[in-house]
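Presented below is the structure to which this report refers.
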Amino acid sequence: MGDHDHPAPNSSEWNNPDFCPFCGQRLPDGGPGFIDHIEKGENATCRERFEQWRENVIDDIGGEWTG
């Protein structure tokens with residue numbers, strides 16, 4: 001369990017960048033800290049869930065987003 005109670009994985013209610021939206025772990029920095037968090041080997045599940053989220057966003061907005 002993470003350090004923070006957060007919405008379910010499929011929720012759109014997550015809005016606290018101090019914690020990973022996928023596992024609830026406290027992040028040292030909501031921007032670069034999140035990227036560091038998902039790139040670490042022990043956070044493979046978070047990385048996979050982020051990639052799925054990213055694919056959903058790309059599907060939703062089409063070719064308008066390059067991020």
I'd like to check the ring-ring contact (aromatic ring centres under 6.0 Å, His included) partners of Phe50; sequence neighbours left out, ordered by chain and number. Phe34, Trp53
Quick one: does Cys46's side chain get under 4.5 Å of Gln25's, heavy atoms only? no
Residue list, side chain to side chain donor-acceptor pair (under 3.5 Å) with Gln52, at least two apart or on another chain: Asn56
Let me confirm one number: the CG-NZ distance from Asp36 to Lys40, rounded to the nearest 0.5 Å. 7.0 Å
Using side-chain contact (heavy atoms from CB on, under 4.5 Å) as the criterion, point out the one residue from Arg49, His37, Glu48 that pairs with Asn43. His37
If you measure from CG on Asn16 to CZ on Arg26, what distance do you get to the nearest 0.5 Å? 8.0 Å
